[in-house]
Protein chains: 2
Amino acid sequence: MRDLPVVGTPPAERADAAHNRRRIVRAAAELIATRGPEAVSMDEVARAAGVGVGTVYRRFGDRARLVYAVIDDREREFQTAFIHGPPPLGPGSPAPDRLRAFLHALADRTDAQADLLFMAESGPSDARFRDGSYGLYHRHVAMLLAQVRPGADTAYLADALLAPFAANLFLFQRRTRGMTLDRVKTGLDALADALIVRTL
Amino acid sequence: MRDLPVVGTPPAERADAAHNRRRIVRAAAELIATRGPEAVSMDEVARAAGVGVGTVYRRFGDRARLVYAVIDDREREFQTAFIHGPPPLGPGSPAPDRLRAFLHALADRTDAQADLLFMAESGPSDARFRDGSYGLYHRHVAMLLAQVRPGADTAYLADALLAPFAANLFLFQRRTRGMTLDRVKTGLDALADALIVRTL
DNA sequence: AGATTAACTGGAGAACTCTCCGGATACAAC
DNA sequence: GTTGTATCCGGAGAGTTCTCCAGTTAATCT
């Protein structure tokens, strides 16, 4: 993602800046892994990365975006699994199967990264939708829905299908309501099945 | 932490405390109405209410809960409309109609209070599900779903149907994606219709 | 190489949320 | 009334997030 001539050339990051960006993400990831997501402050990340706190903010804008950068780094492989990987997640299976497989996989990763996601989604920011991999998931689900429910407003329905993965709801269901991960998946299946047009 | 008779009687708030609670909510509501939700600090609310900031926190715990108190105050009438009010929102209509009416009404109030809700939902807290009127909405939707989709996991599906009303998603759809309120409602209808078991 | 300049750096500081606890006060019991 | 005490009050302060800008540096042009 650098000097692609496509359209509107994003100003191109200077080498030292790119270097610092990597150092910051790495430092943040390490601190978070060690001490838990909510125990690390931006000051600490900056110090651990050997830069000033101003630099962290210049690179990432706000706390949420930094955390999303860490998350994206972690789940790069998941992101390609459903695009290029083997069926039923990747291409090759019928759309209904892929949709179910995707929702299950997303439930698994949400469960695994719940605390991190929760932290990232906190704070007054669009970051979840703008920054993270939400856009990718949204396009994927919309594409599958288009095959499964032709003519529907797939852009809206994709948002609606992804909405239950909001970390605060997910954590509330799991921890406070005491729902098991399997129960969540079953519920998602019910939702997805309802959306699949059955040929009568 | 006391010698209370087992389970009931929440310690009963002292008169001055109850008085201050009202003053705080009123002051907060007024400030928010005047200057917008995110322009008011807890310090200001405290000063406007004529109490110390410690009192605000003692009464409400955190910022999110205070904002929810303001919101609840505002929509008390909506909350009873779908319980005791006239059809199709209130009792008297068939469940599918009531469900659709409820979703439409909730879309309207979410749209109207979006900024306030967005502020309340920001911050690392369960407040949305614990404090606000979410519990009420959840029970209502689950009750309607039980009639419309017997045997399903209505507790889960109710969460899923309410998930698209998260203020951050809602605002993102309306402002960034540029969806109209009607389009959102139509999408919600599609979702609800899919969940309604059709008698063939 | 030297000059030019747009982009980057770092830390002081503004603004905010929330905690803590000594002192004040409402209510109950006598 | 007086006394006892559980509850409440308020504001100083700790710990954050994020802003701002004077000074520095990497990349480009001649």
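Every chain is numbered from 1 and lettered A, B, ... according to where its sequence line falls, protein lines coming before strand lines. All values reported here derive from a predicted model rather than from experimental measurement.
Protein atom OH of A:Tyr57 is 16 Å distant from nucleotide atom C1' of C:dT9, rounded to whole Å. With rounding to whole Å, A:Arg58 atom CZ is found 17 Å from D:dT24 atom P.
Closest-nucleotide positions on DNA chain D for A:Ala15 and A:Val40 were compared, and the one nearer the 5' end corresponds to A:Val40. DNA chain C is contacted by both A:Gly50 and B:Glu44; A:Gly50 maps to the nucleotide lying nearer its 5′ end (nearest heavy atom per residue). DNA chain C is contacted by both A:Asp16 and B:Asp43; A:Asp16 maps to the nucleotide lying nearer its 5′ end (nearest heavy atom per residue).
Taking only side-chain nitrogens and oxygens, B:Arg59 comes nearer than 4.0 Å to OP1 or OP2 of D:dC9. Contact between the side-chain N/O atoms of B:Arg47 and the OP1/OP2 oxygens of D:dG11 is not found at any separation under 4.0 Å. Contact between the side-chain N/O atoms of B:Asn20 and the OP1/OP2 oxygens of D:dC8 is not found at any separation under 4.0 Å. A:Thr55 has no side-chain polar atom (N or O) that falls below the 4.0 Å cut-off from OP1 or OP2 of C:dC8.
Counting distance only, with no hydrogens placed and no angle test, the side-chain atoms of A:Arg14 and the base atoms of D:dT25 include a donor-acceptor pair under 3.5 Å.
By the 6.0 Å and 45° rule, A:Arg21 stacks over the aromatic ring of A:Phe60.
Taking the six-membered ring where the residue is Trp, the centroids of B:Phe118 and B:Phe170 are separated by 6.0 Å or more.
For B:Ser41, the listed nucleotide lying nearest its side chain is C:dC16; candidates were D:dT16, D:dC8, C:dC16.
Residue contacts shown for B:Arg63 are limited to sugar-phosphate atoms, with no base heavy atom under 4.0 Å away. A:Val53 comes within 4.0 angstrom of a nucleotide base, judged by non-hydrogen atoms across all strands.
The environment of A:Arg26 atom CZ is sparse: at most 12 non-hydrogen atoms of other residues, nucleotides or ligands sit within 6.0 angstrom.
Looking only at distances, a side-chain donor or acceptor of A:Glu121 sits under 3.5 Å from a matching main-chain atom of A:Ala167.
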